[in-house]
Amino acid sequence: MLKKIIYSAVKGRMVVMIISFTLILFGFNTIKQAPLDVFPEFAPIKVEIQTEAPGLSTEETEHLISMPLEQALNGTPQLKTLRSKSVLGLSSVVLLFEEGTDLFQARQYVQERLGLVAGRLPVVAKPPVMMPPLSSLSRVLKVGVSSKTISQMDISTLTMWTIRPRLMSIPGVANVAVWGQRDKQLQIVIDPERLRASGITLQQFMLASSNAASIESGGFVDSPNQRIAVSYKNLTTKPEELANTVVDFKNGAPIRLGDIADIEIGEPPAIGDAVINHGDGLLLIVEKHPNANTIQVTKNVEAALAELKPAIKELEIDSTIFRPATFIERAIDNLQNALVAGALLVALILMVFLRNKRAALISICAIPLSLLSAVLVLTSLNVGMNTMVIAGLVIALGEVVDDAIIDVENIIRRLKLNQLLDAPKSKLNVIVSASLEVRSAVVYATMIVMVVFLPVFFLEGIAGAFFKPLAMAYLLAILASLIVALVVTPAISFMLLHVEHEEDDIAIVNWLQSRYSRLLDTILARPKKIFVASAIAFTATGVGSFYLGSEFLPEFKETDFLMHFLERPGASIQQMKKMSMLASHDLLAIPGVRNFGAHIGRAEVADEVVGPNFTELWVSIDPDINYEETVSAIQKTMHGYSGIFTDVQTYLKERSKEVLSGTSHSIVVRLFGPDLAVLRERAELIKQTMQTVDGIADLKVEPQVLIPQIEIRLKQDAAKHYGINTNDIRKVTSMVLKGTKVGEVYEAQQKVDVVVIGAPESKSDLRAIQELPIDSAFGPQLRIKDVADVYFIGMPNEIKREAVSRRIDIIANAKNRDLGSVASEVESKVSAMTLPAGYYPQFLGEYSAQKAATQKLLGLTLLMIFAIVLIVYIDFKSHQHTLIFLASLPFALMGGVIGVFLSGGIISLGSMVGFIAVLGIASRNGILLISHYRHLIASEGYQYGLDVVKRGSQERLVPILMTALATSLALLPIIFKGPISGYEIEYPLAVVVVTGLLTSTLLNLILLPSIFLKFGKIKT
């Protein structure tokens, strides 16, 4: 079969060349059009349901909305995790689905169940809203909108009716959330005293207000020839017009709305706010759909804002507060530069080492053909270009030429030998035979490399999402290189290689071979010393590995930072805005900080379900300044606010933590239990225990605390006497405190709500609420205090649930000590604590994810090693040679451990994948060396002994060195630059691969010949 393929490729070499050039051209065109992102989608499929319930307390929201929704949605097909969060007047239920679930199918499942439960929710609740599907890195732009000439209400009008609709029309944009929005309202401000003095009931007042602002269809008139619509001119578009609306007549005189209420232009009570640089403004957060191209969406949004400039010339637009596309562009550029530099270095090493420049050219052709073939397959599978895919191609860069090198080397050798024969064979037959001669070993070596990377495909969660594209790109490139060596290399060799054109041996190759020959003589004469030295080195490295620290993901070198500003629960929006303004001045004073944006509380239809005490501050820094100094200054500034919890994070790291545990911290102890008071008490005890762990930082209990709330309880006897129920009181307080919409008017295509709301003095304190009027069923107008008790009570600020149980988090980060050690000690100490029945902890965060991924990798690696042994045995059909091969593998890991020590002594998930990569490369070189020994004995008449080991080692010296050097030089640009943007995950991986290759190459060339000479003879 293989012979037929190679023979056909050489015979049809012109067709092979045309196909190869077409593939290269098509591949480059595909790369230009491929979507670019920093990372692949790493969040699980998520569906969020938000339900507004104005006026409901936190516990009422939990019992009346969150829990019924949970019960209806629990058991949804492929559901993995069900969470909910209840705050004052808002419920959020989040469903996370199993890996591989189709997003739109999941949303369909949820929609079907939501339709069944929506009608059973309280009347006060608005219809549940399914939030738009968002990417794992959903936020593509934060746009600050401010003005020095117009009010925030006018800014809001321009934003909501001009800017937001335009941005929402851009392909890939899922949502544009607006913080600081101040919608224009036509407010009828009720004064209880004036209402009571006029003798008008609340029911009359509300009916007149509604009639004045209601919009009804006018019907139509049918004439013999046409149908004519009837419409009504709305005359109440201005406060003075609405004030003239008649409510009732007393003693023949009309009582108008303006007599008992103030009619004015106002805005609804704020649920959030924003700060832009030093002042007021709106913060627009543009979010994208899953798999949307971040860079393309960003450019389209920026183009749309530029297009709108003439229509919004009174506004100042700052679209650089947060722009992740900048980091993506920088990261991709850095990796592309590494790929190009690596390819040039690989080409250089080929030109230096290969004795024939034509042979070097043939081998170099394997680089674009293999890499571009991998890219074409990836794009056909809807895998976009990101840092992980490019990293996989960089790692494969040195290996894709290996098959071609081995093939070309053997073809040249066989062509030379053929010339010495009395009756030389045809060039075609020689090339086909030479390719087949090494094909078995190359195929088996490639199979081993593929088996080595298989464990990566079984990783789940973030680990799998990050590293599967890397493994896929690597394996596709290796597989493509095998096909290139099988088809393209023989065809080009026939066209370019001629014995008469062979150049003289290169001096460096001769020098290396002569030195290696003398070294082999010394080593093979005294193998015991090599065995002992290798055993000591391996033991020392193994012991040292126990002193390595661990982390899941590194810190990313982003120039955009977010800081959480968390005040005590119950803090007002005004207080948080004051603190945010102070922070803006302090942060903008730091050299290198370019701009500032903050969003406080929440916005309508946004992904933040928080109270007014929560603020996120965002700054971007100049990429040309000293990164570490600027970050340190930002951290120092943020730690200067006493009584407020603060932290400093990059968006990528914060999002990865959020996906892992639902929080933005690295260490999470999640305590489950039924009673909130017991949960809070036990959480404090766990916090005290965690405080004793060295290296713990930013430790706090999630602020699920009691805050003052006003409770109104009906006096049953009085209420029955006057015919009043709880809902009557709720309507009054809701109208006065937050406003009740009674209609809407239109101005220049813009809708303006007409709202009845209480005057500021009528909702200023407890006594003012007690004095609010309420209509009785039997005539006299009462005060609320006549039929109900109004008093303060402690109520939870928020309630979180997961797996249909209440829960609270104790969260922390690690500082001045590796994350793995800190989290491991936390887990040990908390597990030793005694908890009441029904209460239990769960350990989440980066360490838990890394631990699970590491355990899975180690378990699968054992299976992988067994598979490798099986493949080698099938090829060798010898127990002894298989065991010799197996003995060479641990020394690749030894170099990897040394590399971890050199790069900081911390094992990350990138390092773990680096160990897998170097194991595959070492396996490849080991099997090719042993296969060549066996070939010399089986096919070239050599007897087992010193001569066969020396010749086999010398003949494989250059290919093995070239493979190791090519792979190392391909990764050298990443190591040389260090963990800059785009290299954060790849840097530790590259260090492990290069140091692992160094030791495995040395030991393959020094130790493996000694082992084969000592134990390689097959007993007959």
Side-chain angles (χ1 to χ4, degrees), residues 42 81 459-467 545-556 564 635 645 647-650 652-672 682-702 802 807-835 839-859 900-901 903-913 915 984-985 988:
F42 58 83
T81 304
L459 289 175
E460 297 176 347
I462 286 187
F466 270 85
F467 287 100
S545 66
F546 289 102
Y547 295 93
L548 296 173
S550 63
E551 67 177 7
F552 185 63
L553 292 174
E555 297 294 335
F556 296 101
H564 293 117
Q635 290 172 333
F645 174 82
D647 61 6
V648 179
Q649 302 191 57
T650 62
L652 287 173
K653 195 66 181 284
E654 193 261 357
R655 282 300 302 142
S656 62
K657 293 176 183 178
E658 183 78 25
V659 168
L660 287 170
S661 63
T663 77
S664 57
H665 288 71
S666 300
I667 302 169
V668 180
V669 179
R670 180 157 293 166
L671 184 63
F672 291 87
R682 293 293 167 171
E684 285 297 331
L685 292 176
I686 291 174
K687 176 187 173 184
Q688 293 171 18
T689 301
M690 291 172 65
Q691 280 177 333
T692 63
V693 176
D694 182 36
I696 207 80
D698 302 326
L699 176 63
K700 71 184 182 77
V701 176
E702 199 173 40
E802 186 170 319
R807 54 93 164 172
I808 191 169
D809 287 347
I810 306 92
I811 51 182
N813 291 315
K815 189 176 182 181
N816 302 324
R817 188 182 174 196
D818 72 280
L819 173 63
S821 301
V822 176
S824 179
E825 190 174 341
V826 165
E827 189 170 328
S828 175
K829 289 190 173 184
V830 173
S831 297
M833 297 177 66
T834 303
L835 295 172
Y839 296 82
Y840 62 95
Q842 187 180 43
F843 301 96
L844 303 168
E846 288 187 72
Y847 172 70
S848 299
Q850 186 202 25
K851 185 178 176 182
T854 302
Q855 288 175 346
K856 192 156 195 173
L857 273 180
L858 290 175
V900 174
F901 274 112
S903 60
I906 304 295
I907 292 182
S908 65
L909 205 56
S911 305
M912 294 293 295
V913 175
F915 278 110
E984 296 94 341
I985 292 178

Quiz item: Under 4.5 Å between any side-chain heavy atoms of R817 and V693, yes or no?
Solution: yes

Quiz item: Could you state the interatomic distance from OG1 (T834) to CG (L685), rounded to the nearest 0.5 Å?
Solution: 11.0 Å

Quiz prompt | Interatomic spacing from CG in D647 to CD in Q635 - rounded to 0.5 Å | solution = 10.0 Å

Self-check item: Between CD1 on residue I810 and CD1 on residue I667, distance to nearest 0.5 Å
Solution: 12.5 Å

Practice problem: Look only at the side chain of N813 and the backbone of A697, and say whether a donor-acceptor pair between them is shorter than 3.5 Å. | Solution: no

Quiz item: Of the non-hydrogen atoms in T692 and T689, which two are nearest, and what is the gap between them?
Solution: OG1-O, 2.5 Å

Self-check item: Salt-bridge present (R807, D809; N to O < 4.0 Å)
Solution: yes

Quiz item: Counting only heavy atoms not in K815, do more than 12 fall under 6.0 Å of its NZ?
Solution: no

Exercise. Please assess V900 against F915 for the test side-chain contact (heavy atoms from CB on, under 4.5 Å), listing each intermediate value before the final yes or no.
Key: CA-CA 10 Å; V900 174; F915 278 110; 4.1 Å; yes

Quiz item: Ignoring hydrogens and geometry, is there a side-chain-to-backbone donor-acceptor pair from S831 to S828 under 3.5 Å?
Solution: no

Self-check item: Distance in Å, D698 CG paired with Q649 CD, rounded so as to fall on 0.5 Å steps
Solution: 8.5 Å

Quiz prompt | Test log, rule side-chain contact (heavy atoms from CB on, under 4.5 Å), inputs F843 and V669 | solution = CA-CA 5 Å; F843 301 96; V669 179; 4.0 Å; yes

Exercise. Compare every heavy atom of E802 with every heavy atom of F672, then report the nearest pair and how far apart it is.
Key: CE2-O, 3.6 Å

Exercise. To the nearest 0.5 Å, tell me how far L671 CG sits from Y839 OH.
Key: 8.5 Å

Quiz item: To the nearest 0.5 Å, how far apart are CD1 in I811 and CE in M690?
Solution: 9.0 Å

